[in-house]
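Please read the structure below before turning to the comments.
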Amino acid sequence: MNYLSKKAAGIEPYAAGEQPKDKQYVKLNTNENPYPPSPKAEAAFRAFDFSALNLYPAPAADGLRAAIAAAEGVPPECVFCGNGSDEILALCLPAFFDADGEGAAFADVTYSFYPVFCDFFSVPKRIVPLEEDFTLDLSKLTAAPAQGVIVANPNAPTGIGIPLPAVEAFVRENASRVVILDEAYMPFFGQSAAQLTQKYENLLVVKTFSKGYSLAGIRCGYAVGGARLIGGLERCRDCFNSYPVDAVCQAVCAAAVADGEYYARMTALVVSERERLRGALQARGFCVLPSSANFLFARHPLAAGRAVYEALRARGVLVRHFRKPRIEEFCRITVGSREQNDALLAALDGFLPRG
Ligand SMILES: *Cc1c(COP(=O)(O)O)cnc(C)c1O
């Protein structure tokens, strides 16, 4: 017997980067932050009252919400917290898109969860190709017939960022439909549109604790938007799980978001390593896209993307390779600590053809 629904049997799920346990790898494949979370977040974890876990957490994560609102400079009711930003992006589909509507528009080369969410919620996909140089022509997205648009800024896996003035013009031109900005990598770019949600009610900005806040293991993300959009997310959340953010997570993330000074220092380290690594890859013949994120998207004219990935893996270094049209010659390399990046470069020197 096949007990699965047609949807469950037919869907192609998102494939996350591998997390192998067979040996110790230099792990540069899932864009995790190489530095530990804030010591204040750790202190909040240790101070957490274990005996209080008999109670359900605050459904809307009120304390965390207030801390995020203070950091973003928006009212608390403009913040929605979820179990990772992936969960929030998923909720966006039933909240803002109809199965018999015009669909969701996004780039051909972008976060590969978007088409999976569309398929799962039966929302039509309106795919807009990036330019030859992997930049996004926003006017093409504006011209695409769709109920709403999803843009990762900076984009993944390219790393390319769109400056804030262009984003604002785009949000204004798309006033009649929802604009979802996935700002997972914004800490490394520093041009967040979160404030614009107070001016444009069609804008939803989605952020995560996984990358900039070094908390991928705790699973927390949030959205910033006007009352209409936040209300839509709340309605859909309460059809799946009224308590998506557990009590420990709320306490830890609230302490993290209040420690902006620590994260500014860590982010500056990542950005300076990114620039050093970019130069070192270019010196080895790689073509590297300009990155505003915590990873580099690079291809070597004399070595195929898959071959680079496999040779690095054999040497104990994990990077991400996508078997996809347009990008199969590339590897996406997370910026690690100085030591991790040096290990990557040494591994490359072990097999790359010398030009
Ligand atoms: C990592 C990432 C996310 C965040 O996922 P979480 O569920 O918050 O860990 C969202 N969007 C993009 C483009 C990402 O790369």
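Counting starts at 1 for both ligands and their atoms, following the listed order.
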Atoms of ligand 1 less than 4.0 Å from K211 heavy atoms? 1 (C), 2 (C), 3 (C), 4 (C), 14 (C), 15 (O)

Which of the atoms of ligand 1 are close to G84, meaning less than 4.0 Å from one of its heavy atoms? 7 (O), 8 (O)

Below 4.0 angstrom from a heavy atom of A184, which ligand 1 atoms are there? Numbered from 1 as shown, please. 2 (C), 3 (C), 10 (C), 11 (N), 12 (C), 14 (C)

Tell me whether the rings of Y185 and F188 are parallel (<30°), tilted (30 to 60°) or perpendicular (>60°). tilted

N29 side chain to E18 side chain, donor-acceptor N/O pair below 3.5 angstrom: no

May I ask you to list the atoms of ligand 1 that are less than 4.0 angstrom from any heavy atom of S210? 6 (P), 8 (O), 9 (O)

Going through the distances and angles, do Q250 and V248 end up as a side-chain contact (heavy atoms from CB on, under 4.5 Å)? CA-CA 5 Å; Q250 292 186 25; V248 181; over 6 Å; no

Give me the nearest non-hydrogen protein atom to atom 10 (C) of ligand 1 as residue plus atom name, then the distance to 0.1 Å. S85 OG, 3.4 Å

So, does G221 sit close enough to ligand 1 that a heavy atom of it is under 4.0 Å from the ligand? no

Does a donor on one side chain and an acceptor on the other come within less than 3.5 Å for R320 and Y309? no

Mind checking whether D182 has a heavy atom under 4.0 Å from ligand 1? yes

Can you find an N/O atom of Y185 closer than 3.5 Å to an N/O atom of ligand 1? yes

Closer than 4.0 angstrom: is that true for some heavy atom of R219 and an atom of ligand 1? yes

Would you call the rings of F134 and F330 parallel, tilted or perpendicular, where under 30° means parallel and over 60° means perpendicular? perpendicular

Six-ring centre of F295, R332 cation under 6.0 angstrom, axis tolerance 45°: yes

So is there a nitrogen or oxygen of Y111 less than 3.5 Å from a nitrogen or oxygen in ligand 1? no

Exactly one of N155, T158, L130, D108 clears side chain to side chain contact (heavy atoms under 4.5 Å, CB included) with L136, and that residue is L130

